[in-house]
There are 2 protein chains.
Amino acid sequence: MRAFEDFKVGEIMEFGPVAVTAADIKSFATRFDPQPMHLDEAAQQNTILRGLFASGLHIVCMHMRLFADGVLRDSTSMGSPGVEEIRYLAPVRPGDTLTLRVEVLAARPSKSRPEMGLVNFRSHMVNADSKRVMEMTATLMFGRRPGDGRREVVPSS
Amino acid sequence: MRAFEDFKVGEIMEFGPVAVTAADIKSFATRFDPQPMHLDEAAQQNTILRGLFASGLHIVCMHMRLFADGVLRDSTSMGSPGVEEIRYLAPVRPGDTLTLRVEVLAARPSKSRPEMGLVNFRSHMVNADSKRVMEMTATLMFGRRPGDGRREVVPSS
């Protein structure tokens with residue numbers, strides 16, 4: 001099980017790929033982002049990108065699932081205080097397959113809570129043409145191993 | 001239909017509320033964020049927050065749906081280049097009802113694409129106790145009204 005101490009700055013992890021279908025794109029959009037460009041191949045719209053493409057938040061959610069399966073489910077994950085940035089770089093279309101690449105940007109023990117540490121990740125979702133479609137920077141909290149780096153009572157002999 | 005010109009800096013909009021059930025929380029988590037604290041009331045976990053609570057991304061997705069229904073579906077929305085920041089401020093629990101408050105922070109015509117403008121929004125999801133549970137700043141692109149603010153050919157007489 002991964003704890004705070006197991007994330008090394010500069011470490012790069014890769015997960016996936018996950019395939020994206022038109023049904024996936026429309027199903028997500030119907031529930032959370034019902035705009036024509038995410039629902040209907042033939043929609044008349046004035047977007048820069050013609051044709052059906054995935055909601056940006058759908059890409060973020062697919063990224064989350066890959067990261068949860070690859071790292072968080074077998075970790076001391078304690079949740080997240082937030083996201084620093086998300087950039088949508090290229091459209092995700094039906095038939096795309098996406099790979100998640102995650103780099104550990106920074107890791108530091110919490111000052112207020114010695115039992116946990118904060119890890120800063122930069123993630124990219126990358127399509128089969130090696131094109132980055134989404135970039136995200138976010139912070140997660142992880143439990144620390146007992147005694148690691150903390151002040152301990154050393155019995156005097 | 002709302003176009004770029006209809007967003008005024010300082011304008012505040014409110015949408016919702018939306019009710020959140022335990023089934024909603026688990027259904028989202030099963031699909032996109034399968035961690036114990038979002039799946040199981042009785043999970044043994046070392047989070048700061050005890051008991052079942054919604055995935056942060058689930059709050060973001062509920063926010064997106066309220067904003068799409070309230071603004072984007074009847075607008076000249078052209079998508080988004082990204083999100084500047086998301087902060088998770090308080091847990092969302094089964095039985096909560098959330099209201100979306102959105103402020104227009106900035107609006108400017110695009111330099112490279114005269115047919116569109118960029119609008120910067122700050123959003124809060126607020127629970128029934130008026131507590132902010134999520135804050136987000138994001139940019140969206142909207143089509144401009146024909147001729148508005150653009151150089152036009154004036155026929156000489």
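Below, read A as the first sequence line, B as the second, and so on, with proteins coming before strands; counting in each chain starts at 1. These values consider heavy atoms only, across backbone and side chains, with no hydrogens, waters or symmetry-generated copies.
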What about [X] and [Y], same hydrophobic cluster or not, with Ile/Leu/Val/Met/Phe/Trp/Tyr joined at side-chain heavy-atom distances under 4.5 Å?
X: Leu52(B); Y: Leu39(B); answer: no
X: Leu105(A); Y: Met64(A); answer: no
X: Ile86(A); Y: Leu72(B); answer: yes
X: Leu66(A); Y: Met13(A); answer: yes

Considering only heavy atoms and a distance below 4.5 Å, find which of [options] pairs most often with chain B.
options: Gly56(A), Ser80(A), Ala68(A); result: Ser80(A)
options: Thr139(A), Val83(A), Leu89(A); result: Val83(A)
options: Arg113(A), His58(A), His63(A), Met141(A); result: Arg113(A)

Partners meeting side chain to side chain contact (heavy atoms under 4.5 Å, CB included) with Asp74(A) (sequence neighbours left out):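 Checked Asp74(A) against side chain to side chain contact (heavy atoms under 4.5 Å, CB included); matches are Met1(A).
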Examine whether an atom of Gln35(B) lies under 4.5 Å from a heavy atom of chain A, and if so say whether it belongs to the side chain, the backbone or both; otherwise answer neither.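 Gln35(B) touches chain A through side-chain heavy atoms alone.
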Just so I know, are the side chains of Phe67(A) and Asp33(B) near enough to count as touching, which here means a heavy-atom distance under 4.5 Å?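 No - every pair of side-chain heavy atoms lies 4.5 Å or more apart.
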Heavy-atom distance under 4.5 Å between the side chains of Pro81(A) and Tyr88(B), does that happen here?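 The answer is no; the side chains never approach within 4.5 Å.
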Can you list, pair by pair, the side-chain donor-acceptor contacts under 3.5 Å of residues 129-136 of chain B, counting residues two or more places apart and other chains?
residue, atom, partner, partner atom, Å
Arg132(B), NH1, His124(B), NE2, 3.1
Glu135(B), OE1, His124(B), NE2, 2.8

Verdict with supporting geometry, Leu57(A) and Val60(B), side-chain contact (heavy atoms from CB on, under 4.5 Å): CA-CA 8 Å; Leu57(A) 266 189; Val60(B) 175; 3.6 Å; yes
How close do Arg73(B) and Pro34(A) get, heavy atom to heavy atom, and via which atoms?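 The pair with the smallest heavy-atom distance is CG-O, 3.3 Å.
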Minimum heavy-atom distance Met37(B)-Gly79(A), with the two atoms named: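 Scanning both residues, the minimum pair turns out to be CE-N, 3.8 Å.
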Contacts of residues 21-32 of chain B with chain A (heavy atom under 4.5 Å):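 Only Phe28(B), Thr30(B), Arg31(B), Phe32(B) of residues 21-32 of chain B have a heavy atom under 4.5 Å from chain A.
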Does anything in residues 90-104 of chain B get under 4.5 Å of chain A by heavy atoms, and if so which residues?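 Answer by number: none.
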